[in-house]
Amino acid sequence: MIETGVFFNDIHSFYDLNLILSAVEIDPASPKTNYVDIPGADGSLDLTEAHGEVKYSDRTHKFTLTMNPADDLSEAAWEAKKTEVSNRLNGRACRITLDKDPEYYWQGRCAVDSYKTNKRLRQFVVAARVRPYKFKQNETSVTFSLSSTAKTVSIQNSRRSVCPVITCTNANTKIVFNGNTFNFNAGQHQNLNIRFIEGINQVTISGTGQVTFTYQEGDL
């Protein structure tokens, strides 16, 4: 059994394409910085967080996939494999999951970047332009039972800030967040003023029934 590989959506590099994952290049996240030079003063003014948290550029990852040396490496087999890989991956929007990091996935678009070949080696380099954060495979969902007495709960979030989807079973649900009060009816809601940041987020809730916070966590 191969130890490491990569999923492109539901296509596995080894089990579906019979290709060996030989190398992985994961680009670091590049922050979008904003520095303004101040004439007559030392250094510059850092405005990177002038409009809130730091933002990041897309990342480019590369995956080197090698034909199994035990397989047919003839020119005809190579051409057939190039066609197969191009048809299945080139230009596709993909959810990318590495076997060695199974709790997370990357979201982006793949492209067959290059071919490398000699008498003993047949390789593809598949590049993917992905979003800066890697996402947890499953959304985080936390549910609280409500009562007329307000209670404060703590909700943990990863590096990426996110506005949760709030599902209330009953009307007249009150939520206090960052000093602001919000009233919700039964159903699903999303309010841009309720945004979970990295770490512990304290929310005060009251009403009847239950309230559920659902959100997608992401890390760099």
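What you see is a predicted model; the values in this text were computed from it and never measured. Only heavy atoms go into these numbers, but all of them, side chains included; no hydrogens, no water, no symmetry mates.
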Task: Cluster companions of Ile194 among Ile, Leu, Val, Met, Phe, Trp, Tyr (side-chain spacing under 4.5 Å) - done: Val142, Phe144, Leu146, Val153, Ile155, Val162, Ile166, Ile175, Phe177, Phe182, Phe184, Phe196, Val203, Ile205, Val211, Phe213, Tyr215
Open item on the list: Would you say Thr152 and Gln202 are linked by a side-chain donor-acceptor pair, where the criterion is simply a distance under 3.5 Å?
Closed with: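 No, no side-chain donor-acceptor contact under 3.5 Å.
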Task: Asn193 side chain to Asn180 side chain, donor-acceptor N/O pair below 3.5 angstrom - done: no
Please enumerate all residues that pass salt bridge (charged side-chain N to carboxylate O under 4.0 Å, His left out) together with [X], with sequence neighbours excluded.
X      : value
Asp27  : none
Lys55  : Glu53
Lys174 : none
Lys116 : none

Taking side chain to side chain donor-acceptor pair (under 3.5 Å) as the test, write out the residues that go with [X], two or more places apart.
X     : result
Ser30 : none
Thr60 : none
Thr64 : none

TODO: Show your working on side chain to side chain donor-acceptor pair (under 3.5 Å) between Thr212 and Thr143 and close with a plain yes or no.
DONE: CA-CA 4 Å; Thr212 299; Thr143 299; 2.8 Å; yes
When you measure from the side chain of [X] to the backbone N and O of [Y], does any donor-acceptor pair fall under 3.5 Å?
X      : Y      : answer
Ser147 : Thr149 : yes
Glu25  : Phe63  : no
Arg59  : Pro132 : yes

Review item, side-chain donor-acceptor pairs of residues 101-108, under 3.5 Å, at least two apart:
{"from": "Asp101", "atom 1": "OD2", "to": "Lys134", "atom 2": "NZ", "distance (Å)": "2.9"}
{"from": "Tyr104", "atom 1": "OH", "to": "Asp219", "atom 2": "OD2", "distance (Å)": "2.6"}
{"from": "Gln107", "atom 1": "NE2", "to": "Cys94", "atom 2": "O", "distance (Å)": "3.2"}

Task: Partners passing side-chain contact (heavy atoms from CB on, under 4.5 Å) against Ser145 (at least two apart in sequence or in another chain) - done: Gln210
- [ ] Show your reasoning for whether side chain to side chain donor-acceptor pair (under 3.5 Å) applies to Glu198 and Ser161.
- [x] CA-CA 6 Å; Glu198 180 185 15; Ser161 67; over 6 Å; no
Less than 3.5 Å apart, which donor and acceptor atoms pair up between the side chains of residues 77-86 and the rest of the protein, not counting sequence neighbours?
{"from": "Glu79", "atom 1": "OE2", "to": "Lys82", "atom 2": "NZ", "distance (Å)": "3.0"}
{"from": "Lys81", "atom 1": "NZ", "to": "Leu17", "atom 2": "O", "distance (Å)": "2.7"}
{"from": "Lys81", "atom 1": "NZ", "to": "Glu84", "atom 2": "OE1", "distance (Å)": "3.0"}
{"from": "Thr83", "atom 1": "OG1", "to": "Glu79", "atom 2": "O", "distance (Å)": "3.1"}
{"from": "Ser86", "atom 1": "OG", "to": "Lys82", "atom 2": "O", "distance (Å)": "2.9"}
{"from": "Ser86", "atom 1": "OG", "to": "Tyr115", "atom 2": "OH", "distance (Å)": "3.3"}

Output side-chain donor-acceptor pairs under 3.5 Å for residues 31-39, partner residues at least two apart or in another chain, one line each.
none

